2 protein chains.
Amino acid sequence: MQKQQYLTKNQQIVLDLVEKSSEPLKAYTILFNVQKKGIKAPLQVYRALDKLVEIGKIHKIESRNAFIACHNSSCQVAKATAFSICEICEKVTEISSAGLSKYLANFKDKDGMKYSKYNLEFFGLCKKCR
Amino acid sequence: MQKQQYLTKNQQIVLDLVEKSSEPLKAYTILFNVQKKGIKAPLQVYRALDKLVEIGKIHKIESRNAFIACHNSSCQVAKATAFSICEICEKVTEISSAGLSKYLANFKDKDGMKYSKYNLEFFGLCKKCR
DNA sequence: TTTCTAATGTTATATTATTACATAATGTTA
DNA sequence: TAACATTATGTAATAATATAACATTAGAAA
């Protein structure tokens, strides 16, 4: 097999669910919701999630152990992600700011090291919760 | 009780261990290493960690579920953290860049929202692993 | 067709984190 | 000091998150 061209059945089932959701979903919430589609075990979910993250279709919100669909058409690979997270209602929004991504992509540390990947999570209160 | 002034026994034991470590430690690794000091249960470790994170003495590396001592004297509160993580050797370094922290502290999203807190994790290869 | 690789299915288990409840220690207020 | 409030502790049980191991299947390439 060369590079996988289409999503597999399990990957598509998981992606459909995550895309329909307005909030980040946890792995076991996903599992519960796809059991009627024939996915029975955690590992089947985690494997689909791993692949979907790898190809940039979804992102993991690390501080929440939850997964959200990518809403940034330019994320073909999961390598530069930024989110805002409301500390009250837990609403999560993907930030797409050209300025921010440019700044971070070019950021060099003291040793002049540049990075191939980053994940940024901002916390605060969303409009509604303020 | 007012604001706690000194660390408690368990907090100090956990902090000592994390500060001595050259790499991020996982909660159960900490537990294993402090059992000789009388800490017996996971919860005792997690409670100490929670407090230490809250007061900024340590930080959690979210993508690794591990804890590292703060090496940035200005981190009195855990509200603005940035790390570089080597994807091969897993070395983690806290980044302290005035430029970066200023940029992120002032970052506003499309709605003009500013954030009270952020966590940024950069990934790449460290000097040794390149 | 044979081979290679990726995906699947399944069971079991490892790892990470919290709930619940009882007790002790310390600070606050009357 | 007594009564109280708050924070920390100890302990057992369990919940939530994630992976290992192994057998099988499916599709693409040689």
Side-chain angles (χ1 to χ4, degrees), chain A residues 1-18 21 23-68 78 90 92 119 121, chain B residues 1-18 21 23-55 57-68 78 87 90 92 119 121:
Chain A
M1 264 187 192
Q2 283 296 77
K3 199 162 59 177
Q4 184 184 322
Q5 206 170 141
Y6 302 103
L7 298 179
T8 65
K9 186 171 126 269
N10 288 357
Q11 291 161 11
Q12 192 63 58
I13 290 169
V14 169
L15 179 59
D16 285 348
L17 184 72
V18 175
S21 174
E23 56 184 8
L25 295 178
K26 305 204 152 219
Y28 277 73
T29 304
I30 294 171
L31 175 58
F32 179 82
N33 281 283
V34 296
Q35 280 179 331
K36 46 183 168 296
K37 305 257 182 183
I39 291 180
K40 289 173 188 159
L43 192 48
Q44 295 174 291
V45 172
Y46 280 106
R47 287 200 280 226
L49 288 172
D50 283 351
K51 188 70 184 186
L52 292 167
V53 166
E54 185 191 325
I55 62 178
K57 289 287 189 183
I58 65 176
H59 304 302
K60 182 172 186 182
I61 309 301
E62 292 287 356
S63 65
R64 299 300 187 258
N65 296 318
F67 299 85
I68 191 175
E90 292 290 325
V92 173
N119 179 54
E121 297 179 7
Chain B
M1 265 187 190
Q2 284 295 79
K3 199 162 55 178
Q4 183 184 321
Q5 206 168 138
Y6 302 103
L7 297 180
T8 64
K9 187 172 126 269
N10 288 357
Q11 290 161 14
Q12 192 64 59
I13 290 169
V14 170
L15 179 59
D16 286 347
L17 185 71
V18 175
S21 173
E23 56 184 8
L25 295 178
K26 305 205 151 217
Y28 277 72
T29 304
I30 293 171
L31 175 58
F32 179 82
N33 281 284
V34 296
Q35 280 179 330
K36 47 182 168 294
K37 305 256 182 184
I39 292 180
K40 289 174 189 158
L43 190 49
Q44 294 174 292
V45 172
Y46 280 106
R47 285 199 282 225
L49 289 172
D50 284 351
K51 188 69 182 189
L52 292 167
V53 166
E54 185 191 325
I55 63 179
K57 290 286 188 183
I58 65 175
H59 303 304
K60 182 172 187 181
I61 309 301
E62 293 286 355
S63 65
R64 299 300 186 258
N65 297 318
F67 299 85
I68 192 175
E87 291 186 293
E90 291 291 325
V92 173
N119 179 54
E121 298 179 7

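Worth saying up front: this structure is predicted, and the values here are computed from it rather than measured. Order of the sequence lines sets the chain letters (A, B, ...), proteins ahead of strands, with each chain counted from 1.
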Visitor: Mind checking the NZ-CG spacing from Lys51(A) to Asn10(A)? Nearest 0.5 Å is all I need.
Guide: 13.5 Å
Visitor: Between Lys51(A) and dT8(C), does any side-chain N or O lie under 4.0 Å from OP1 or OP2?
Guide: no
Visitor: How long is the line joining CG of Leu31(A) and C1' of dA15(D), in whole Å?
Guide: 15 Å
Visitor: Using atom types as modelled, flag every donor-acceptor pair under 3.5 Å from a side chain in residues 28-45 of chain A to any protein atom, sequence neighbours excluded.
Guide:
residue	atom	partner	partner atom	Å
Asn33(A)	ND2	Thr29(A)	O	2.7
Lys36(A)	NZ	Asn33(A)	O	3.2
Gln44(A)	OE1	Lys40(A)	N	2.8
Gln44(A)	OE1	Ala41(A)	N	2.8

Visitor: Between dT16(C) and Asn65(A), is there an OP1 or OP2 to side-chain N/O distance shorter than 4.0 Å?
Guide: no
Visitor: Distance check needed: dA18(D) C1' versus Lys26(B) NZ, whole Å only.
Guide: 10 Å
Visitor: Who passes salt bridge (charged side-chain N to carboxylate O under 4.0 Å, His left out) against Glu23(A), sequence neighbours left out?
Guide: none
Visitor: At under 4.0 Å, does any side-chain N or O of Thr8(A) touch on OP1 or OP2 of dT8(C)?
Guide: yes
Visitor: To the nearest 0.5 angstrom, please state how far the CG atom of Asn119(B) sits from the CD1 atom of Ile61(B).
Guide: 7.0 Å
Visitor: Take N1-N3 plus N6-O4 or O6-N4 for Watson-Crick, N1-O2 plus O6-N3 for G-U, both under 3.5 Å. Which runs of 3 or more such pairs involve DNA chain C?
Guide: C:1-30 with D:1-30
Visitor: What is the distance from atom CG of Leu49(B) to atom NZ of Lys57(B), rounded to the nearest 0.5 Å?
Guide: 14.5 Å
Visitor: Heavy atom of residues 37-50 of chain B under 4.0 Å from DNA chain D: which residues?
Guide: Lys40(B), Ala41(B), Leu43(B), Gln44(B), Arg47(B)
Visitor: Rounded to the nearest Å, what distance is computed from the NZ atom of residue Lys9(B) to the P atom of nucleotide dA24(C)?
Guide: 15 Å
Visitor: Quick one: pull up CG in Leu25(B) and CD1 in Ile58(B) and give me the separation to the nearest 0.5 Å.
Guide: 9.5 Å
Visitor: Starting at atom CD1 of Ile61(B), determine the distance to atom P of dT16(C), rounded to an integer number of angstrom.
Guide: 14 Å
Visitor: Using whole Å, what does the distance between atom C1' of nucleotide dA6(C) and atom CG of Asn10(A) come to?
Guide: 13 Å
Visitor: If the condition is salt bridge (charged side-chain N to carboxylate O under 4.0 Å, His left out), which residues does Arg47(A) pass it with, not counting sequence neighbours?
Guide: none
Visitor: Does the aromatic ring of Tyr28(B) sit over the six-membered base ring of dT16(C), closer than 5.5 Å centre to centre and tilted less than 30°?
Guide: yes
Visitor: Under 4.0 Å between a side-chain N or O of Lys60(A) and OP1 or OP2 of dA18(D)?
Guide: yes
Visitor: What's the CD-P distance between Gln11(A) and dG27(D), to the nearest Å?
Guide: 14 Å
Visitor: Checking Ser63(B) now: which residues fulfil side-chain hydrogen bond (donor to acceptor under 3.5 Å, both in side chains) with it, not counting sequence neighbours?
Guide: Glu121(B)
Visitor: Whole-Å distance between dT15(C) C1' and Leu25(B) CG?
Guide: 16 Å
Visitor: List the residues meeting side-chain hydrogen bond (donor to acceptor under 3.5 Å, both in side chains) with Asp50(A), not counting sequence neighbours, and say none if there are none.
Guide: none
Visitor: Can you check the Phe32(B) CZ to dT16(C) C1' distance for me, whole Å?
Guide: 18 Å
